[in-house]
Every structure is written in C-alpha cells, then in structure tokens.
Amino acid sequence: MRLSRFFMPTIKENPSEAQIVSHRLMLRAGMIRQSSAGIYSWLPLGFRVLQKIEQIVRQEQDAIGAQEMLMPTIQPADLWRQSERYDAYGPEMLRITDRHDRDMLYGPTNEEQITEIFADAAKSYRDLPRMLYHIQWKFRDEVRPRFGVMRGREFLMKDAYSFDLDFDAARRSYNKQFVAYLKTFARLGLTAIPMKADSGPIGGDMSHEFVILAETGESEVACHRDLIAADWGNADINTEGDLQPFIDSFTDKYAATDDKRDPEAEKALGDDLVVARGIEVGHIFYFGTKYSKAFKAVVAGPDGSDVTAEMGSYGIGVSRLVGGIIEASHDDAGIIWPEAVAPFKVGLINLKTGDDACDKACEDIYRQLQDAGIEVLLDDRDARAGAKFADMDLIGLPWQVVIGPKAVAAGVVELKNRARGERQEISADAAMALLTA
RNA sequence: CGGGGCGUGGCGCAGUCUGGUAGCGCACCUCGUUUGGGACGAGGGGGUCGGAGGUUCGAAUCCUCUCGCCCCGACCA
C-alpha cells in the first residue's frame, strides 16, 4: 500500500475527548473515528488490525473444534421473554420496534438465539457435543461508555457456545476453551491471566475472566507473581486429551478480580502478591441448563431417556482487544504493534520522494517485499523526513525500512525495529532476508 | 443513575465574568527557498460561536429550555 493513496488521516495533537492512551493513539493514527458515544467507525488502518485479531481468534476456535456461524444482530423480544431475560436485562438492552409494532432488540449476546437453533435441531445424544461460535457486533447500552473502543456500546465479540451431554463433558468443553484462550492471547502478544470471576447476569457457577494487566485497567485485580511470568499458551497441548492437570497448574495459583479478592489468601502470598489494574479481554462461563431448559434443548440419551444439554458460553472482546493491545504496548511516540496483529509488517520510508535514486531503491524493495507476501506500507508522500518518521512511529509498524540519499549512495538501507528502537545499516538483500525470515 | 466539566473554522485553544458584530497556533491551498526527526517567507480559503426561544439599539458573551461529548463514582466483552 502506498501512503500517498491510503486513507489514514493522522492527527498531530491529542483530541480533547480522548483521555486514555489507546483511545488517543487510535484517533491520532487514523484507526477509528467516533460516531456517537461508544460507537465508532473503523478506518482502513484500524480495520486491518481488527481483522488480524479476529483471524487469530477464529483459528484458535477452529483448532478446538468450534464451528463458525453467524447469527443476526437484531433479535425478536419473544426469544428473550422465553428465558425471562427480556425484563431482567434492563436498560442496557437496546429495544426497538419494527413497522408492525413487534418488539425487537439489538442483541447484547446470543445465548437465547443459539439455544433455540440448537434445541430445534438436536434430537439424540449423538448430536452432542457441539461447540458453535460467531464473531458479530453486539450492542449494550452502557450507562457510561468510555475509553474509546475499550468500553464501547457497539463492540465486536467472539461468542462461543458449547452443548454437552453431562457435566464432565461440559467441563471438557470449558477446558478446551480455557486452553484456546491462553493460546489466543499469547499469539496476540498479551499476557492474559485467568482469574476466578463472578458469573454475572448470565448465571452459572464456573467462570474465569481473562485479564491483561495495564496501568489504565478499569479495575484492580490481584494474583500470584508467577502467573505474570508464566509462558502462556505456548505449551504443546493435545486439546483432545485430559486438560485438567494443565489447567490446574494455572488455577491453583491465586488470581482474583475485584469482587473475588480474598484478603487472607493475599496476606499468605506475601511478596508473591501482585496487585495491579486489569482489563478484561475474555470471559468463559459454564452455566449448566439455564438456557437449555428454557428452550427445551433436550436430546434422547443412550438409554432413551430425556437429557437436557449442559451449556457454556465463551466470549472474547475482539474490538476491545485492539485498545487493550495498545494499552499494553506503546511508548511516547506511538503504538508498538506485536507482529501478529500489525496492520502492516513493514513501513518503507522514502526520505526524498522525487529523487530518482531514492524512488528507484524504494520501488525495488517495495516490489520485492510484496512479491514475498509481506505487507508493506510505502511512505511515498512528498513530505519532510520528520513528518514521515513521526507518522511511522505513531502507527507502530514492527519494522521500518528507511531509504534516503545517503543510504542509497552507500548502497545500504536503514532497518529499524520499532519495539526495540534498534537501527542497523545493512544491504537491501540482508534486510530482505531478515524481513522474510 | 448520582456528582463534575465542556461545546467557538479540520484539530488544539483564547475571547464569555465586565454585551459593541470573532481571534491565535497547527492543518489546508498557491508561489519561492528548503529537505535525515513534524522547515521558513509571502500570499490565500474556510467559522457567525451545538440548537431553539427570550432580553437588548446590539448577544459567542446575559436568561430559559434543549441536544451532544468528556471525566469521577456505582455496573459490564
């Protein structure tokens, strides 16, 4: 992509409405624009990141056998009356009426919808287990949206739902999601700590929040020091095997969100206790038959008797993660993207657009990188060097290749690593080798 | 929902107390000089001050109502 043609409206000054760093940087980097409180448009740069994250989430869901589908954003109120959540959910649910005066709503989540679909189709224990998910926009009419995409009213969420024959099977599904979450967040470059959590309005008795630590986190959390240093999700695990011992190795250690903290346990930890601010990026629940009962998700068991499906639901705030990653990875100059979610891998800066030698050197490398399948953003604008450096640092691409008259004369390019700040002058071929490794 | 703050060219702000017909920086356009960390000079375009009503000879400024946005707290992917 050529920056001269890319729609990436960067802003030099901090917009006054943005108070936290991720919100500021997303606005300044031209990733998002606000439409109204808690509702955002995703501009090309931001949308690329959103899609990268979505794809990683998708791959890890697929890897544990969850199947992707897509449910609507607008749901009929009757569906929610059946689970008795229509009134219970309160003003956070956006209620609307269609032209025939039917009560509808913009879905804040999809337990009802999926359970109805599943109940209608599943007849036998042979139809279990099943795990289904979709990645869809949700709307929760938060009293107080804030922090940019971190607490929007409209947000993109991956929500998965499991259906099992009995508690043990449901536990296995829960555990698979647990591991998938560890892997997902590890791939995103995050240390997400599973913490015992309240099950909230969804109900149930087995629940973990996945929390990343950041100064601007919304609530205070506490955990054992070892959990922060743990090597998440990189373990080679067979998700078809017994995951319990692996999961216990995490959950044995103290980790609790705000409302689950235990002063005595914390005292016992002594120096191993870490208290920090946290951002919730995922939440998994087991909730038994709460919905399967309401929607009669009942199958014939092996002995012919009726069995009500055991369910769980598993959410990841995909759009929130964009902000969360920035909170966890930035410096004074701007964003520092982990390579896995960077909108482009390489930012190629032509320091002197219009200079034949510089133009040619840039075009060569640009072509080579593209041929190698590497996403590259070429700054071919007719702007001053300082502006180009500043913009490139701001948008935080992992690698910068800088080409100016001096480098061209010397037959080298300057390669800069955004995260470490290291620069090296090497041949174009050597740079290519490094970037394509 | 309780408490607080703010709406003035694209962005950041001053002007509001003490009414007199809108200003600064950045950005943008043109020309020239520049060109490795957000250049300099000259010229230029763009706002009737969130909206409605009122007071007044006269309202960004005073009064009433209203809409929106942000922050703190209580609640949540």
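Order of the sequence lines sets the chain letters (A, B, ...), proteins ahead of strands, with each chain counted from 1.
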Side chain to side chain donor-acceptor pair (under 3.5 Å): pairs with one or both residues in residues 401-410 of chain A, sequence neighbours excluded: none
Parallel, tilted or perpendicular: rings of A/Y174 and A/H208 (30°, 60°): tilted
Whole-angstrom distance between B/G58 and B/G2, as gauged at atom C1': 41 Å
A/L182 vs A/F246, side-chain contact (heavy atoms from CB on, under 4.5 Å): CA-CA, chis, key distance, verdict: CA-CA 11 Å; A/L182 290 179; A/F246 175 76; 3.7 Å; yes
Reported CD1-to-CG distance for the pair A/I374 and A/L348, which is rounded to 0.5 angstrom: 11.5 Å
Rounded interatomic separation in angstrom, taking CG from A/D258 and P from B/G73: 11 Å
Salt bridge (charged side-chain N to carboxylate O under 4.0 Å, His left out) against A/R381, all qualifying residues, sequence neighbours excluded: A/D379, A/D391
Whole-Å gap separating P (B/A77) and CG (A/D141): 16 Å
side-chain hydrogen bond (donor to acceptor under 3.5 Å, both in side chains) partners of A/E154, counting only residues at least two apart: none
Pairing partner of B/G47 (Watson-Crick or G-U wobble, both distances under 3.5 Å): none
Nearest-angstrom distance from the residue atom CD of A/Q177 to C1' of B/A77: 14 Å
Residues in salt bridge (charged side-chain N to carboxylate O under 4.0 Å, His left out) contact with A/E375, at least two apart in sequence or another chain: A/R48, A/K52
Distance between P atoms of B/C11 and B/U35 (Å, rounded): 34 Å
Spacing of A/M93 atom CE relative to B/A77 atom P, expressed in whole Å: 16 Å
Separation of the C1' atoms in B/G12 and B/G53, to the nearest angstrom: 32 Å
Separation between the C1' atoms of B/C13 and B/U56, rounded to whole Å: 30 Å
B/S/- contact track for nucleotides 67-72 of chain B, protein heavy atom under 4.0 Å: --SSBB
Euclidean distance for C1', B/C70 against B/U64 (whole angstrom): 25 Å
Grab the N/O contacts between the protein and nucleotides 28-39 of chain B below 3.5 Å, and write none if there aren't any.
from, atom 1, to, atom 2, distance (Å)
B/U34, O2, A/R384, NH1, 2.9
B/G36, N1, A/E414, OE1, 3.3
B/G36, N2, A/E414, OE1, 2.3
B/G36, N2, A/E414, OE2, 3.1
B/G37, O6, A/R423, NH1, 3.4
B/G37, O6, A/R423, NH2, 2.5
B/G37, N1, A/D393, OD2, 3.1
B/G37, N2, A/D393, OD2, 2.7
B/G38, O4', A/A387, N, 3.3
B/G38, O2', A/K12, NZ, 3.0
B/G38, N1, A/D391, OD1, 3.4
B/A39, OP2, A/R384, NE, 2.7
B/A39, N9, A/R384, NH1, 3.4
B/A39, N7, A/R384, NH1, 3.4

Partners meeting side-chain hydrogen bond (donor to acceptor under 3.5 Å, both in side chains) with A/Q59 (sequence neighbours left out): A/R187
Value in whole Å for how far the P atom of B/A77 lies from CH2 of A/W137: 17 Å
Base paired to B/C6 (Watson-Crick or G-U; both N/O distances under 3.5 angstrom): B/G68
Interatomic distance at C1', B/U61 relative to B/A74, whole Å: 38 Å
For B/C1, the Watson-Crick or wobble counterpart (both distances under 3.5 Å): B/G73
Touch class at under 4.0 angstrom, heavy-atom based, for A/V281 against every strand present: sugar-phosphate
Watson-Crick/G-U partner (both atom distances under 3.5 Å) of B/U16: none
Which residues share a side-chain hydrogen bond (donor to acceptor under 3.5 Å, both in side chains) with A/R99, sequence neighbours left out: none
A/I247 CD1 to A/R171 CZ distance, which is reported to the nearest 0.5 Å: 7.5 Å
Atom-to-atom span, CD1 of A/I39 to C1' of B/A77 - whole angstrom: 16 Å
Sequence neighbours excluded - ring pair (Phe, Tyr, Trp, His ring centres under 6.0 Å) pairs with any residue from residues 47-83 of chain A: A/W80-A/Y89
Pairs where residues 350-362 of chain A contributes a residue and the test salt bridge (charged side-chain N to carboxylate O under 4.0 Å, His left out) is met, not counting sequence neighbours: A/K360-A/D364
Base-pairing mate for B/A27 - Watson-Crick or G-U, with both contacts under 3.5 Å: none
Listed partners of A/R130 passing side-chain hydrogen bond (donor to acceptor under 3.5 Å, both in side chains), at least two apart: none
Distance, C1' atom - from B/A22 to B/U48, rounded to whole angstrom: 8 Å
P gap between B/U8 and B/G15, integer Å: 14 Å
Under 3.5 Å on both distances, the Watson-Crick or G-U partner of B/C40: B/G32
Close N/O contacts between protein and nucleotides 3-7 of chain B (under 3.5 Å):
none

Nearest-nucleotide comparison on RNA chain B, the residue closer to the 5′ end among A/E13 and A/R320: A/E13
